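Data first, discussion second: the structure below is written as structure tokens.
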Amino acid sequence: VQLVESGGGLLQTGGSLRLSCAASGFTLDDYVIGWFRQAPGKEREGVASISTSDGSTDYAESVKGRFTISSDNAKNTVYLQMNSLKPEDTAVYYCAADRGGGTWYWLRRAGNGMNYWGKGTLVTVSS
């Protein structure tokens, strides 16, 4: 069972990136998948989450209107499209999955307690 994030990188303010979270060893049907991030010296925070069963989503206020989470169950992959990036978006981004809970539940808990985690991908936004 594995989650692997990809798509991170270095870019300038205002740029866009799409992160991917690919699952292997299990299917993402009927899971809540969340994207979380941790900046240097800060606690992990929830960014966005999606229910792969009904497609419902939730977002942190700081990214609403700029980030979009989506899932492709056929590819067993969840994406995070990030637009209008700011320096404060700089962080290691992690995806996580769990069968229980809900999108807002995991987001406000910053994913604490979720079953499966990836190792993260670094996003650096320069000013």
Side-chain angles (χ1 to χ4, degrees):
V1 174
Q2 197 174 16
L3 292 173
V4 178
E5 303 95 336
S6 61
L10 170 65
L11 69 164
Q12 293 186 331
T13 296
S16 297
L17 274 179
R18 188 178 78 158
L19 305 183
S20 298
C21 171
S24 60
F26 71 107
T27 59
L28 289 177
D29 293 350
D30 295 327
Y31 273 83
V32 174
I33 313 298
W35 282 99
F36 306 90
R37 65 186 182 187
Q38 187 164 22
K42 294 188 177 182
E43 292 186 352
R44 187 173 66 214
E45 63 176 350
V47 175
S49 57
I50 187 168
S51 166
T52 59
S53 59
D54 64 11
S56 58
T57 59
D58 271 303
Y59 294 91
E61 284 296 324
S62 60
V63 306
K64 275 184 181 177
R66 300 189 298 124
F67 291 9
T68 303
I69 189 171
S70 62
S71 67
D72 186 334
N73 289 4
K75 294 184 177 180
N76 222 28
T77 300
V78 171
Y79 302 98
L80 185 68
Q81 178 67 44
M82 305 187 296
N83 299 328
S84 303
L85 282 160
K86 306 174 181 179
E88 51 263 44
D89 295 318
T90 294
V92 177
Y93 284 72
Y94 301 90
C95 66
D98 199 281
R99 274 196 177 276
T103 53
W104 182 239
Y105 175 81
W106 289 120
L107 204 64
R108 69 181 180 182
R109 291 170 59 90
N112 288 318
M114 293 188 85
N115 269 334
Y116 306 124
W117 285 86
K119 293 184 178 181
T121 185
L122 177 62
V123 173
T124 304
V125 184
S126 64
S127 57

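As the structure is a prediction and not an experimental result, all values here were calculated from the model. Computation of the quantities below employed the complete heavy-atom set of this structure, encompassing side-chain atoms and omitting hydrogens, waters and symmetry-equivalent molecules.
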Closest approach of L3 and A23, non-hydrogen atoms and distance? CD2-CB, 3.7 Å

Measuring only between side-chain heavy atoms, which start at C-beta, is L11 closer than 4.5 Å to V125? yes

Rounded at 0.5 Å granularity, tell me how far CE in M114 sits from CG in N112. 10.5 Å

Does a side-chain heavy-atom distance below 4.5 Å link M82 with V63? no

How about S6 and T121: do any of their side-chain heavy atoms sit closer than 4.5 Å? no

Which heavy atom of G46 sits nearest a heavy atom of A60, and at what distance? O-CB, 3.4 Å

Classify the angle between the aromatic ring planes of Y94 and W117 as parallel (below 30°), tilted (30 to 60°) or perpendicular (above 60°). perpendicular

Could you check whether N76 and T27, counting side-chain N and O atoms only, form a donor-acceptor pair closer than 3.5 Å? no

Taking Y59 for the side chain and G65 for the main chain, is one N or O donor matched with an acceptor at less than 3.5 Å? no

If you round to the nearest 0.5 Å, how far is CG of L80 from CG of L19? 5.0 Å

Is it the case that atom CD in Q12 sees more than 12 heavy atoms from other parts of the structure closer than 6.0 Å? no

Would you say the side chain of V92 lies within less than 4.5 Å of the side chain of F36, judging by non-hydrogen atoms? no

Got a donor-acceptor contact below 3.5 angstrom from the D98 side chain to the N115 backbone? yes

Using 4.0 Å as the upper bound for N to carboxylate O, is an ion pair formed by D89 and R37? yes

Can a donor-acceptor pair be found, under 3.5 Å and without considering hydrogens, that links the side chain of T57 to the backbone of S49? no

Of all the heavy-atom pairs spanning A97 and I33, show the shortest one and how long it is. CB-CD1, 3.4 Å

Closest heavy-atom pair and its distance - S16, S84: OG-N, 4.3 Å

Check whether Y105 and I69 end up in the same hydrophobic cluster, where Ile, Leu, Val, Met, Phe, Trp and Tyr are linked by side-chain heavy atoms less than 4.5 Å apart. no

With no hydrogens and no angle check, is any side-chain donor or acceptor of W106 less than 3.5 Å from a backbone partner on I50? no

Taking T52 for the side chain and Y31 for the main chain, is one N or O donor matched with an acceptor at less than 3.5 Å? yes

What's the verdict on side chain to side chain contact (heavy atoms under 4.5 Å, CB included) for R108 and D58, showing C-alpha distance, side-chain angles and the deciding distance? CA-CA 10 Å; R108 69 181 180 182; D58 271 303; over 6 Å; no

What are the two closest non-hydrogen atoms of G101 and V32, and how far apart are they? O-CG2, 4.1 Å

Identify the two heavy atoms, one from T103 and one from S51, that lie closest to each other, and give their separation to 0.1 Å. CG2-N, 3.5 Å

Please determine if K119 and E5 form a salt bridge, counting it only when a charged side-chain N lies under 4.0 Å from a carboxylate O. no

Test side chain to side chain contact (heavy atoms under 4.5 Å, CB included) on F26 and L28; report intermediate values, then the result. CA-CA 7 Å; F26 71 107; L28 289 177; 3.5 Å; yes

